[in-house]
Amino acid sequence: MDLLIFAGSTRAQSYNRQLARVAADLARQSGAEVTLLELSSFDIPLYNADLEARGTPPDVIRLKQVLLDHPGWIICSPEYNGSYTALLKNTLDWASSPVKGDPDWSQGSRAFTGKVVGLLSASPGALGGLRSLQHLAPLLSNLQCWVAPQQFALGEAASAFDAAGQLQLDKQREGVASVVKQVLWAAERLTPTNQSEK
């Protein structure tokens with residue numbers, strides 16, 4: 001199973017990027033082929049319909065293809081002001097916007113429909129960014145994703161990781177692993193057998 005993992009942050013010391021790396025390690029241990037995506041590797045501007053009318057940026061097309069190629073995703077979402085980040089919203093807005101006249105991308109939901117998505121978050125606060133997941137889940141459902149019921153929010157993230165970037169407590173690793181396992185389980189069952197034919 002091909003699994004895509006990314007965080008809604010590009011900050012160098014982002015707790016959610018650290019959490020994404022932990023999830024990637026656990027997924028590989030479960031036998032998944034993992035793509036750990038960094039949103040900073042895409043040159044995607046702030047969404048603007050006038051800009052889009054002049055031509056969808058090439059990196060948006062590249063992002064759409066990466067999303068399409070992976071039946072399962074795990075998104076690690078920071079929490080800003082009780083919700084997900086502007087970076088994550090902008091990424092999803094571009095990825096779900098139809099490309100007029102393009103035979104592959106004229107349907108905006110193509111990269112999203114039927115994808116199995118697991119949600120993780122990390123925050124220095126006690127709730128661990130849980131409120132961001134409460135806002136993100138309906139957005140993804142509206143895009144025709146299947147959002148895994150199992151979620152995990154890592155609280156007190158400033159002290160959660162050791163010097164090697166691993167979670168220090170078994171219960172924390174188990175929380176992440178439970179989301180990874182549910183996404184892999186569901187994606188295996190919900191992905192059409194002809195997915196690779198696209």
Side-chain angles (χ1 to χ4, degrees), residues 3-24 26 35-49 51-52 57 59-60 62-64 66-67 70 72-97 108-109 111-112 115-162 165-169 172-173 175-176 178-180 183:
L3 183 64
L4 179 68
I5 301 178
F6 61 95
S9 175
T10 57
R11 187 173 65 87
Q13 300 301 319
S14 164
Y15 300 126
N16 283 277
R17 289 179 64 229
Q18 292 182 66
L19 190 60
R21 290 192 288 270
V22 169
L26 291 170
T35 299
L36 184 57
L37 185 72
E38 292 287 355
L39 293 182
S40 60
S41 67
F42 292 82
D43 184 13
I44 297 178
L46 187 65
Y47 181 79
N48 181 305
L51 172 63
E52 184 180 35
D59 270 14
V60 171
R62 185 163 69 95
L63 174 65
K64 286 173 177 283
V66 171
L67 295 173
H70 293 79
W73 311 342
I74 290 178
I75 302 175
C76 299
S77 176
E79 181 183 302
Y80 288 6
N81 295 318
S83 190
Y84 45 80
T85 62
L87 170 67
L88 186 52
K89 181 63 162 63
N90 191 60
T91 299
L92 297 175
D93 285 347
W94 268 115
S96 61
S97 184
S109 62
F112 293 83
K115 301 302 180 181
V116 175
V117 185
L119 299 180
L120 301 173
S121 62
S123 168
L127 294 179
L130 183 62
R131 291 176 296 179
S132 74
L133 304 186
Q134 293 172 342
H135 289 187
L136 185 56
L139 184 155
L140 292 165
S141 295
N142 187 63
L143 289 170
Q144 307 304 310
C145 296
W146 188 89
V147 180
Q150 188 74 41
Q151 300 177 3
F152 178 70
L154 175 67
E156 311 295 340
S159 59
F161 298 93
D162 63 21
Q166 298 299 313
L167 291 171
Q168 300 193 70
L169 300 181
Q172 295 169 338
R173 288 190 294 273
V176 176
S178 66
V179 176
V180 169
V183 169

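Just so it is clear, the values below take in all heavy atoms, side chains as well, and ignore hydrogens, waters and symmetry mates.
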Worksheet item: Under the 3.5 angstrom rule, does the side chain of S14 hit a backbone N or O of T10 as a donor-acceptor pair?
Response: no
Worksheet item: Is the shortest heavy-atom distance from the side chain of L46 to the side chain of N90 under 4.5 Å?
Response: yes
Worksheet entry | For Q151 against A137, the heavy-atom pair lying closest together | NE2-CB, 4.3 Å
Practice prompt. Would you mind telling me which of Q134, R131, K89, H135 makes a side-chain hydrogen bond (donor to acceptor under 3.5 Å, both in side chains) with S83?
Written response: H135
Discussion item. Are F161 and V22 packed together at the side-chain level, in the sense that at least one heavy-atom pair is separated by less than 4.5 angstrom?
Written reply: yes
Discussion item. Restricting to non-hydrogen atoms, name the atom on P78 and the atom on N16 that form the minimum distance, rounded to 0.1 Å.
Written reply: CA-ND2, 3.3 Å
Worksheet item: Who are the side chain to side chain contact (heavy atoms under 4.5 Å, CB included) partners of F112, not counting sequence neighbours?
Response: L67, W73, L92, A95, S96, L143, C145
Fill in: Side-chain (T35) to main-chain (L37) donor-acceptor, under 3.5 angstrom
no
Discussion item. Could you check whether any side-chain N or O of S178 sits under 3.5 Å from a backbone N or O of G175, counting only pairs where one atom can act as donor and the other as acceptor?
Written reply: yes
Discussion item. Do L133 and I75 have side chains that approach each other closer than 4.5 Å (heavy atoms only, starting at C-beta)?
Written reply: no
Worksheet item: Under the 3.5 angstrom rule, does the side chain of K64 hit a backbone N or O of S97 as a donor-acceptor pair?
Response: yes
Discussion item. Tell me the closest heavy-atom pair linking A122 and L19, and the distance in Å.
Written reply: CB-CD2, 4.0 Å
Worksheet item: Do S121 and S132 get their side chains close enough for a donor-acceptor pair, meaning under 3.5 Å?
Response: no
